[in-house]
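The block underneath contains the structure these notes are about, expressed in structure tokens.
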Amino acid sequence: MPKLAIRGGTPAKSKSFPDWPIYDDLEREALNEVLESRDWWRTEGSKTLAFEKSFAEYHQAKHGIAVTNGTHAIEVALAAMGIGPGDEVIVPNATFVATASAVLFAGALPVLVDVSADSYCIDPELAEAAINERTRAIIAVHMGGRPADLDQLEAVARKYDLALLEDAAHAHGSEWRGQKVGTFGIGGTFSFQASKTMTAGEGGMIISNDDDFERLARSTHDCGRMPGEWFYSHYIYGSNYRLSEWQGAVLLAQLTRLDEQTARRHENGRLLDRLLGEIPGITPQSHDARITRNGHYAYIFHVDARAFAGISTQQFVDALEAEGIPTQAPYPPIHTLDLFTSGAYRNRLSGAQAAANHAFLTEAFPNSQRESDETVWITQNALLGDEEDMREIAAAIGKIHQHVKDLR
Ligand SMILES: *Cc1c(COP(=O)(O)O)cnc(C)c1O
């Protein structure tokens with residue numbers, strides 16, 4: 001009888017998962033090329049420009065604007081959309097802080113709404129219910145790489161004449177009905193931070209098919225300059241959000257592997273759906289036939305403690321890690337962050353909006369809370385493994401289920 005690794009047994013995982021990040025001579029040569037060219041600055045260089053074009057093209061978007069990180073990508077997008085004091089932007093309560101903090105940075109109020117019980121993406125009906133005369137936009141987050149319900153979100157945005165912005169920081173290469181995410185609304189934002197599915201340590205991107213939005217976003221990211229105009233002409237409020245040539249060069253190399261890597265993560269994700277779906281108490285994040293590709297920033301599943309002798313999610317995670325399966329923590333719900341509970345977020349607001357009673361402070365968000373407390377996230381590098389790796393993940397979870405009494 002195999003014993004749990006956390007109790008001294010042999011780990012279920014026999015060989016290691018692929019390391020992350022992945023690189024080879026492509027990155028090495030690209031960095032050397034930048035070094036020797038002496039063009040280290042985006043403005044005079046060619047790498048970041050080429051990366052913008054290639055990344056946008058891969059996502060079937062007309063424009064790409066590379067920026068310093070994924071948080072700044074949302075900030076620049078909101079600035080280009082003209083979002084400011086007095087405005088409200090609807091954001092999911094289950095996300096990384098950046099989705100909400102970028103709205104505060106614009107001086108507007110992020111209105112938090114719960115996610116759907118099975119997808120952990122923003123619930124389109126709750127988003128619609130939160131709309132009022134101050135609402136300007138909805139931000140969708142494609143949780144773990146799984147696209148939010150873009151059909152319904154597009155319909156709601158159209159019905160109320162709101163902008164839809166996609167925070168696609170988890171979803172490079174993900175598709176909804178064969179169309180790459182990031183191209184459904186006015187713009188899509190991406191992150192190239194170390195944990196994301198393409199990385200240069202830090203970095204971000206805004207993609208769009210909207211020419212007016214692109215012009216304003218590009219200007220905002222480059223000190224309010226306008227393309228083709230004199231270097232010291234500044235037309236609108238902007239700042240310096242430019243990406244360096246080092247990062248552009250690395251990301252251009254990373255992009256060459258994205259399609260193959262996302263295809264593999266998608267396939268492995270569907271295999272895990274089948275394997276884990278057979279284990280009592282395990283419910284994978286819902287798939288949907290309209291998702292033609294899930295780039296899987298993580299593989300997310302729910303653990304029902306009742307099928308696991310009542311152990312805590314942390315005990316489950318500790319046992320899983322001991323079996324050799326890498327995990328990462330889910331996000332705490334946004335409304336529970338000190339930024340909101342302490343009232344500090346109000347310092348970014350002004351006028352009546354700063355003093356108003358904000359419903360999300362006292363609302364319950366059962367699905368965001370459940371996502372935070374009861375889901376387990378397997379890191380994306382594990383999904384770059386082979387079929388045997390997926391079977392070992394399932395075996396590790398099956399083993400915990402079988403021997404869970406040893407954990408109590
Ligand atoms: C990573 C992330 C961001 C921010 O990206 P950074 O590059 O770390 O600034 C925004 N939204 C989500 C959902 C993220 O996971």
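In what follows, every heavy atom counts, from backbone to side chain, and hydrogens, waters and symmetry copies are set aside. Quick note: residue numbers are just sequence positions, from 1.
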Heavy-atom side-chain proximity of Ser208 to Lys62 below 4.5 angstrom | no
Can you name the nearest heavy-atom pair linking Ile83 to Ala137, along with the distance?
-> CD1-CB, 4.2 Å
Considering residues, nucleotides and ligands other than Asp211, do more than 12 of their heavy atoms fall under 6.0 Å from its CG?
-> yes
Kindly say whether Glu202 contributes a backbone atom to a donor-acceptor pair with the side chain of Gln247 at under 3.5 angstrom?
-> yes
Where does the angle between the aromatic ring planes of Tyr241 and His72 fall among parallel (under 30°), tilted (30 to 60°) and perpendicular (over 60°)?
-> perpendicular
So, the side chain of Asp87 versus the backbone of Gly84: is there a donor-acceptor pair under 3.5 Å, distance only?
-> yes
Mutual orientation of the aromatic rings belonging to Trp377 and His170 [parallel < 30°, tilted 30-60°, perpendicular > 60°] | perpendicular
Above 12 or not: heavy atoms from other molecules or residues under 6.0 Å from OH of Tyr232?
-> no
Asn69 side chain to Gly204 main-chain N or O, any donor-acceptor pair under 3.5 Å?
-> no
Please report the closest heavy-atom contact between Ala217 and Ile65, naming both atoms and the distance.
-> CB-CD1, 3.5 Å
Taking atom OH of Tyr23 as the centre, does the number of heavy atoms from other residues, nucleotides or ligands within less than 6.0 Å exceed 12?
-> no
If you draw a 6.0 Å radius around CZ in Arg215, do more than 12 non-hydrogen atoms from other residues or ligands fall strictly inside?
-> no
For Leu384 and Asn268, work out which heavy atoms get closest and say how close.
-> C-ND2, 4.4 Å
With distance as the sole test, does Gln285 use its side chain to make a donor-acceptor pair with the main-chain N or O of Ser119 at under 3.5 Å?
-> yes
Between Asp318 and Ile6, is a side-chain contact (heavy atoms from CB on, under 4.5 Å) present by the stated rule, with each step listed?
-> CA-CA 8 Å; Asp318 291 345; Ile6 201 166; 3.8 Å; yes
Gly295 backbone acceptor or donor facing Ser174 side chain under 3.5 Å | yes
Is Ser368 close to Glu371 at the side-chain level, that is, under 4.5 Å between some pair of heavy atoms?
-> no
Verify whether one side chain among His266 and Asn294 offers a donor that lies under 3.5 Å from an acceptor in the other.
-> no
Does any non-hydrogen side-chain atom of Leu109 lie less than 4.5 Å from one of His358?
-> yes
Is there a donor-acceptor pair closer than 3.5 Å between any side-chain N or O of Arg136 and the backbone N or O of Met81?
-> yes
Do Thr197 and Arg265 touch side chain to side chain, with heavy atoms closer than 4.5 Å?
-> yes
Around Asn347, counting heavy atoms of other residues, nucleotides and ligands shown, do more than 12 lie under 6.0 Å from its CG?
-> yes
Is there a donor-acceptor contact under 3.5 Å from the side chain of Glu166 to the main chain of Phe184?
-> yes
Give me the ring orientation class for Phe316 and Phe301: parallel if the planes are under 30° apart, tilted from 30 to 60°, perpendicular past 60°.
-> perpendicular
Exceeds 12 heavy-atom contacts within 6.0 angstrom, atom CH2 of Trp40 | no
Please confirm whether Arg225 makes a cation-pi placement over Phe231, using NZ or CZ under 6.0 Å from the six-membered ring centre and within 45° of the ring normal.
-> yes
Would you call Ile291 and Trp176 a side-chain contact if the rule is heavy atoms closer than 4.5 Å?
-> yes
Whether Phe55 and Phe190 hold their rings parallel, tilted or perpendicular, with breakpoints at 30° and 60° = perpendicular
Do Leu337 and Pro332 have side-chain heavy atoms sitting under 4.5 Å apart?
-> yes
Sub-6.0 Å ring centroid separation between Tyr331 and Tyr120 | no
Short question: side chain of Asp25, backbone of Arg28 - any donor-acceptor pair under 3.5 Å?
-> no
Verify whether the ring centers belonging to Phe192 and His172 lie closer than 6.0 Å.
-> yes
Would you say the side-chain atoms of Arg290 pair up with the backbone N or O of Pro147, donor to acceptor, closer than 3.5 Å?
-> no
His401 side chain to Ala307 main-chain N or O, any donor-acceptor pair under 3.5 Å?
-> yes
Ion pair present between Lys47 and Glu245, side-chain N to carboxylate O less than 4.0 angstrom?
-> no
For Ala168 against Val181, the heavy-atom pair lying closest together | CB-CG2, 4.2 Å
Is the number of heavy atoms from other residues, nucleotides or ligands within 6.0 Å of CD (Gln328) greater than 12?
-> yes
